[in-house]
Amino acid sequence: MHNIREIASNFDFRADFVHAHGYGSGHINDTYCAWFDQAGLRVRYVIQRVNHNVFKKPVDLMENVKRVTDFSLAQLLEAGNPEARRRTLTVIPANDGKPYAFDRDGSVWRAYPFIERARGYDELETNEQAYQAARAFGAFQNLAAGLTGPRLHETIPNFHNTPKRLEALQAAIAENAAGRKSEVAAEIDFVLARAADCSRVTDLIASGEIPERVTHNDTKLNNVLLDDVTAEGVCVIDLDTTMPGSALYDFGDMVRTAAPTTREDDTDLAKLDICLDRFEALVRGYLSTATFLNTAERANLAFAGVLLTLECGIRFLTDYLQGDVYFKIKRPTHNLDRCRNQFAYVAAQEKKMARLEEIVGRY
Ligand code: ADP
Ligand code: GN1
Ligand code: MG
């Protein structure tokens, strides 16, 4: 636990710090919910330490976040949205006016208003939630398409370059830093059997058939907050990887996180499957707002789920082999459990591919 009272004193909150506690289930940043007394009213904010092991240039990252959130707020205000500041993250300025502050150790911190009466889900409860989440991410892409000015910084170069992720896995296998290689022979074989799949989307991007767009790149279900009452997608969060990418990465990661019958780290693989109703709700929701997709993008929507799940499994496996240096873990086998879960989910999607294609075709 960091000293959040001290961190908070670097930001222009116009409120008195009361207390803070760790919050959320993100795998990357250190997130706190901090309560303040604002002229007699209890209000809360999110205060986060940007993980600089993952994001090597946190100041560039915050420049992206500031640009995207300012643009988003301007659009909402122009449209007369009565709760514009609940519909987008907004950055609380530091005392020096910057959108971040450093702590004594040189870490970058930021603060956002806490989006109230809405929640992110690690696991869905209804098809309506899937529909709304996908609609919100599609709308986010639509909004991002209007962003003018220079290209956003690539906060993690080659983030969704699956062939590069495969190369990183091969290097981790060769290095065997944590001595775990012999435990994962079956998982390595699983990936190698699908090596050709890894380059399908990057090839389509290289040939120009799939365009570069500004995408979110981490459309995991808990990165969109859904209204507690209406389930409507209120606010897209976790903008650290919003940068040039492919729309397929965003749709694929929704399928990865919103359509399986279990959580990402569930070890009971016998009950793991893809829920076709959820998948259909995602397609319907996403296509209702992502109206800009071209033919090649539409033709690869079902495959995108397989690709992003495979890629994420590759990343968990790489991290397991490297000794858990990237993702936060809660148990020694956490990354291996996640990897096995992702690969089982890849297999489940492959098995139902004809049904998935048929659903996309219907829309
Ligand atoms: P990570 O990169 O570690 O996933 P996130 O930015 O996604 O970090 O934040 C972690 C969690 O904190 C989110 O999944 C969400 O539950 C919660 N969260 C983040 N920002 C807000 C906010 N402004 N309002 C409410 N909850 C938030
Ligand atoms: C991380 O930050 P979070 O928990 O929303 C990761 C994603 C992975 C996801 C797997 C910057 O997302 O790429 O798909 O874990 N984010 C980063 O659950 O690496
Ligand atoms: Mg997150």
Side-chain angles (χ1 to χ4, degrees), residues 20-35 43-56 58 61-62 64-65 69 72 85-92 109-123 133 137 154-162 165 168 215-228 234-243 245 249-250 252-258 260 263-266 305 307-319 325-330 334-335 337-339 341-342 345:
H21 55 87
Y23 192 80
S25 54
H27 294 347
I28 302 295
N29 297 308
D30 294 325
T31 305
Y32 295 89
C33 166
W35 286 94
V43 291
R44 50 183 172 166
Y45 290 86
V46 164
I47 299 184
Q48 275 184 324
R49 188 182 78 105
V50 179
N51 181 334
H52 57 79
N53 179 40
V54 164
F55 300 106
K56 308 290 183 200
L61 180 155
M62 287 312 296
N64 278 3
V65 169
T69 53
S72 177
R85 285 168 187 79
R86 186 171 172 253
R87 298 282 167 162
T88 175
L89 288 179
T90 48
V91 182
I92 304 291
W109 289 78
R110 64 183 167 211
Y112 298 122
F114 194 103
I115 308 292
E116 298 288 353
R117 290 172 284 111
R119 270 182 305 145
Y121 292 79
D122 290 327
E123 206 174 358
F137 280 125
E154 289 191 38
T155 57
I156 302 180
N158 295 309
F159 189 56
H160 284 304
N161 186 320
T162 319
R165 295 290 188 181
T215 50
H216 182 282
N217 294 305
D218 191 2
T219 55
K220 179 172 170 173
L221 186 62
N222 65 17
N223 287 332
V224 57
L225 306 179
L226 306 182
D227 189 283
D228 287 342
V234 170
C235 185
V236 168
I237 62 166
D238 203 345
L239 307 177
D240 300 338
T241 52
T242 298
M243 59 182 166
Y249 302 149
D250 282 2
D253 214 49
M254 288 180 225
V255 177
R256 181 181 80 77
T257 54
R263 285 173 182 240
E264 176 187 81
D265 58 358
D266 201 316
L307 181 70
L308 271 284
T309 311
L310 179 65
E311 181 187 279
C312 201
I314 289 173
R315 292 174 62 198
F316 289 142
L317 182 56
T318 306
D319 200 31
V325 295
Y326 187 94
F327 295 105
K328 288 186 181 186
I329 54 160
K330 294 208 172 93
H334 210 159
N335 273 315
D337 295 343
R338 288 168 175 152
C339 160
N341 176 294
Q342 298 296 286
Y345 186 47

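Fair warning: this is a prediction, and the values are worked out from it, not measured in the lab. One-based numbering, in listed order, for ligands and for the atoms of each. Sequence positions, counted from 1, serve as the residue numbers for this chain.
Counting only distance, with no hydrogens or angles, the side chain of Asn223 and the backbone of Asp238 share no donor-acceptor pair below 3.5 Å. A distance-only check finds a donor-acceptor pair linking the side chain of Thr241 to the backbone of His216 [under 3.5 Å]. A donor-acceptor pair under 3.5 Å links the side-chain atoms of Arg86 to the main chain of Glu116, judged by distance alone. A donor-acceptor pair is defined here as one N or O able to donate and one able to accept, closer than 3.5 Å; such a pair exists between the side chain of His160 and the backbone of Asn217. Formation of a donor-acceptor pair under 3.5 Å by the Thr257 side chain with backbone atoms of Leu221 is found in this model. Asp253 places no side-chain N or O within 3.5 Å of a backbone atom of Leu308 that could act as its donor or acceptor partner.
Contact between Thr162 and Glu311 at its shortest, heavy atoms only, is OG1-OE1, 2.8 Å. Residues Leu225 and Gly120 share a closest heavy-atom pair of CD2-N, 3.4 Å. Heavy atoms only, all atoms of each residue included: Tyr345 and Pro260 are closest at OH-N, 3.3 Å. The minimum heavy-atom distance linking Asn341 with Arg263 is given by the pair ND2-O, 2.8 Å.
For the side-chain contact (heavy atoms from CB on, under 4.5 Å) test with Tyr121, the passing option among Leu226, Asn222, Val224 is Leu226; the others fail.
The part of Phe316 lying near ligand 2 is the side chain, judged by heavy-atom distances below 4.0 Å. Using a 4.0 Å cut-off between heavy atoms, Asn223 contacts ligand 2 through its side chain alone, with no backbone atom that close. Under 4.0 Å from ligand 1, not a single heavy atom of Arg119 appears. By the criterion of a heavy-atom distance under 4.0 Å, the backbone of Pro113, and not its side chain, is placed next to ligand 1. Contacts with ligand 2 closer than 4.0 Å are made by side-chain heavy atoms of Lys220 only, the backbone lying farther away.
Proximity to Cys312 (heavy-atom distance under 4.0 Å) selects the following atoms of ligand 2: 10 (C), 14 (O). For ligand 1, the atoms lying closer than 4.0 Å to a non-hydrogen atom of Gln48 are 5 (P), 6 (O), 8 (O), 9 (O). Close contacts between ligand 2 and Phe55 involve ligand atoms 11 (C) [criterion: under 4.0 Å to a heavy atom]. Those atoms of ligand 1 that come under 4.0 Å of a heavy atom in Asn223, given as number and element, are 7 (O). For ligand 2, the atoms closer than 4.0 angstrom to any heavy atom of Glu264 are 10 (C), 18 (O). Applying the 4.0 Å criterion to heavy atoms of Leu89 picks out, from ligand 1, the atoms 23 (N). Of all the atoms in ligand 1, the ones that sit under 4.0 Å from a non-hydrogen atom of Leu225 are 24 (N), 25 (C). Remark: ligand 1 atoms within the under-4.0 Å shell around heavy atoms of Ile28 are 2 (O), 3 (O). Proximity to Gly26 (heavy-atom distance under 4.0 Å) selects the following atoms of ligand 2: 4 (O). If you number the atoms of ligand 2 from 1 as listed, the ones under 4.0 Å from a heavy atom of Arg315 come out as 7 (C), 8 (C), 13 (O), 14 (O), 17 (C), 19 (O). Using a 4.0 Å cut-off to heavy atoms of Val46, the atoms of ligand 1 that qualify are 20 (N), 21 (C), 22 (C), 23 (N), 24 (N), 27 (C).
Under 3.5 Å, the side chains of Asn51 and Asp240 contain no donor-acceptor pair of N or O atoms. Side chains of Thr309 and Gln342: a donor-acceptor N/O pair is absent below 3.5 angstrom, by distance only.
Here the straight-line distance linking atom CG of Leu310 with atom CZ of Arg256 works out to 11.5 Å at 0.5 Å rounding. Going from atom NE2 of His27 over to atom CG of Asp218 covers 9.5 Å, rounded to the nearest 0.5 Å. A distance of 13.0 Å separates CD1 in Ile156 from CG in Asn161, rounded to the nearest 0.5 Å. To the nearest 0.5 angstrom, Phe114 atom CZ is 15.5 Å from Tyr32 atom OH. Note: Asp227 CG to Ile115 CD1 = 11.5 Å, rounded to the nearest 0.5 Å.
If you check which protein heavy atom lies closest to atom 12 (O) of ligand 1, you get Thr31 CG2, 3.6 Å. Protein heavy atom in closest approach to atom 15 (C) of ligand 1: Ile237 CD1, 3.6 Å. Looking at atom 7 (C) of ligand 2, its nearest protein heavy atom turns out to be Asp218 OD1, 3.6 Å. The protein non-hydrogen atom at the shortest distance from atom 14 (O) of ligand 2 is Arg256 NH2, 3.2 Å. Atom 16 (O) of ligand 1 has Tyr23 CE2, 4.0 Å as its closest protein atom, hydrogens excluded (heavy atom only). Ranking protein heavy atoms by distance to atom 14 (O) of ligand 1, first place goes to Asn222 O, 3.2 Å. Of all protein heavy atoms, the one lying nearest to atom 11 (C) of ligand 1 is Gly24 CA, 4.0 Å. What sits closest to atom 25 (C) of ligand 1 on the protein, heavy atoms only, is Ile115 N, 3.6 Å. Protein heavy atom in closest approach to atom 1 (C) of ligand 2: Ile28 CG1, 3.8 Å. Closest protein heavy atom to atom 17 (C) of ligand 2: Tyr326 OH, 3.4 Å.
The shortest N or O to N or O distance between Arg110 and ligand 1 is not under 3.5 Å. Taking only nitrogen or oxygen atoms, main chain and side chain alike, Asn217 does not reach within less than 3.5 Å of ligand 2. Checking only distances, Asn29 does come within under 3.5 Å of ligand 1, N or O to N or O.
Residue contacts with ligand 2 do not include Arg338, since none of its heavy atoms lies under 4.0 Å from the ligand. Residue contacts with ligand 1 do not include Gly120, since none of its heavy atoms lies under 4.0 Å from the ligand. For the pair Asn51 and ligand 1, no heavy-atom separation below 4.0 Å is found. Heavy atoms of Glu116 come nearer than 4.0 angstrom to ligand 1 in no pair at all.
Remark: aromatic rings of Phe159 and Tyr249 are distant, center separation not under 6.0 Å.
With Val234, Leu239, Asp238 as candidates, the residue nearest to atom 2 (O) of ligand 1 on a non-hydrogen basis is Asp238. Checking Asp238, Asp253, Val54 against atom 5 (O) of ligand 2, the nearest heavy atom belongs to Asp238.
Classification of Asp337 and Lys330 as a salt-bridged pair fails, no side-chain N sitting under 4.0 Å from a carboxylate O. Looking at Asp319 and Lys328, no side-chain N of the basic residue comes within less than 4.0 Å of a carboxylate O on the acidic one, giving no salt bridge.
At a threshold of 2.8 Å, the Mg ion (ligand 3) has no backbone or side-chain N, O or S atom of Asn29 nearer than that distance.
The Mg ion (ligand 3) is closest to atom OD2 of Asp238 (considering only N, O or S atoms).
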